[in-house]
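What follows is a set of notes on a single structure, which appears directly below.
Below, chains carry the letters A, B, ... as their sequence lines are ordered, and counting in each starts from 1.
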2 protein chains.
Amino acid sequence: MLDKARQAGLHVVLVHHPVRSKTGETICSAVTNLDVHDIARTSRTFGAKGYYIVTTLEDQTVLTEKIVAHWTTGRGGQLNPARKEALGLVKIRQSLEEVVAEIAEASGRSPKVVVTSARRYPDALTFEKGRKVLCDGDPLVLVFGTAWGVTDEVIEQADHVLEPVDGGTDYNHLPVRAAVAIILDRLLGR
Amino acid sequence: MLDKARQAGLHVVLVHHPVRSKTGETICSAVTNLDVHDIARTSRTFGAKGYYIVTTLEDQTVLTEKIVAHWTTGRGGQLNPARKEALGLVKIRQSLEEVVAEIAEASGRSPKVVVTSARRYPDALTFEKGRKVLCDGDPLVLVFGTAWGVTDEVIEQADHVLEPVDGGTDYNHLPVRAAVAIILDRLLGR
């Protein structure tokens, strides 16, 4: 079942725009170097097909491409081939729509868009059902927001919102790097 | 069952000495700022009782205490109370033995030491059995190594070695921050 899920393809997307600021405004957050590395390594560990970083800022795009190039075509990758393999999954794009269109074109099938959230939405997709959706044969785009999460528009346009990770306490402030790790493990782990 | 497990107390320990270097030598690795934050937030999310950072280097101890103080007693904590709460779990100690002795004294019970590893050991503790060990009533010390992992001596002295996280691929290079998240979720998550 998991191999079937991996075959259809799960793609991780880390969105820096449009996301909400602390005060609720729509912003473009800054790319964090360790998000590039950690999420690439976790994605590779669980067999994700791609890891898209979405930002609209040109200087951030240039900077992130430089970081990735250091580890894929540059000196970093020569010294650390495992890191090269993980960072090879990274693509930087300007919008979630662009990511979805690209995956649809490459695979010939419309991907299902599943947005993650720290909030519990009515009719949220459970992890158990998420594993089943993965086996439907369509590619799956798994969206993570930075800052205070993706905007309501992104949530409304998605096919599903995934149920939040419940740590069993009143504390609901997981780092996005940890959320990606737990969610990929719950959806694709043995 | 999980509340019972939390009551006995799981303590996360991130070891910087003694760990192995790329070439197998015993070293003291450097403390990484994001390990302090991410693992504190993840520990708090899953209800861990403490998060110990082990280093023998005095300058690293001073630096790490400074970082933690900024978020617990300083300006950072005023601006971000959630971060203050997480970083409040952090204690910096010089050895794993010191951590174990401290927990034993505070709780009146000898803790079980469970070492995590990316390698599969014969008779490794499964996650299922790990959840049961947590319910035995003794505190549990969950050890994570930095760099190329803790030394063989640490492994030999532990009560158990936990089975590795299997992502279902040939890639076995999870960031320690991701490993902590997945392992706490598997042991304490709902």
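Interface summary for chain B: among T32(A), L34(A), V165(A), the most heavy-atom pairs under 4.5 angstrom belong to L34(A). Interface summary for chain B: among T42(A), N172(A), L184(A), the most heavy-atom pairs under 4.5 angstrom belong to T42(A).
Heavy-atom distances place the side chain of D185(A), and not its backbone, under 4.5 Å from chain B. When heavy atoms are compared at a cutoff of 4.5 Å, A179(A) does not approach chain B at all. In this structure, chain A has heavy atoms under 4.5 Å from both the backbone and the side chain of D166(B). Residue V180(B): no heavy atom, backbone or side chain, is found under 4.5 Å from chain A. Residue contact with chain A, scored on non-hydrogen atoms closer than 4.5 Å, involves the side chain of R186(B) exclusively.
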Identify all side-chain donor-acceptor contacts of residues 56-67 of chain B below 3.5 Å with residues at least two apart in sequence or on another chain.
unit_1 : atom_1 : unit_2 : atom_2 : d
Q60(B) : OE1    : V31(B) : N      : 2.6
T61(B) : OG1    : L57(B) : O      : 2.8
T64(B) : OG1    : Q60(B) : O      : 2.6

Side-chain polar contacts of residues 148-157 of chain B - donor-acceptor pairs under 3.5 angstrom, sequence neighbours left out - could you list them?
unit_1  : atom_1 : unit_2  : atom_2 : d
T151(B) : OG1    : E153(B) : OE1    : 3.3

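D159(B) has no carboxylate O lying under 4.0 Å from a charged side-chain N of K112(B), or vice versa, which leaves the two without a salt bridge. Salt-bridge annotation for D170(B) and R44(A): present, with a side-chain N of the basic residue lying under 4.0 Å from a carboxylate O of the acidic one. Ion pairing between a basic and an acidic side chain is recognised when a charged N comes within 4.0 Å of a carboxylate O; E25(B) and R20(B) show no such pairing.
For Q78(A), the CD atom sits in a packed shell: over 12 heavy atoms of surrounding residues, nucleotides or ligands are nearer than 6.0 Å.
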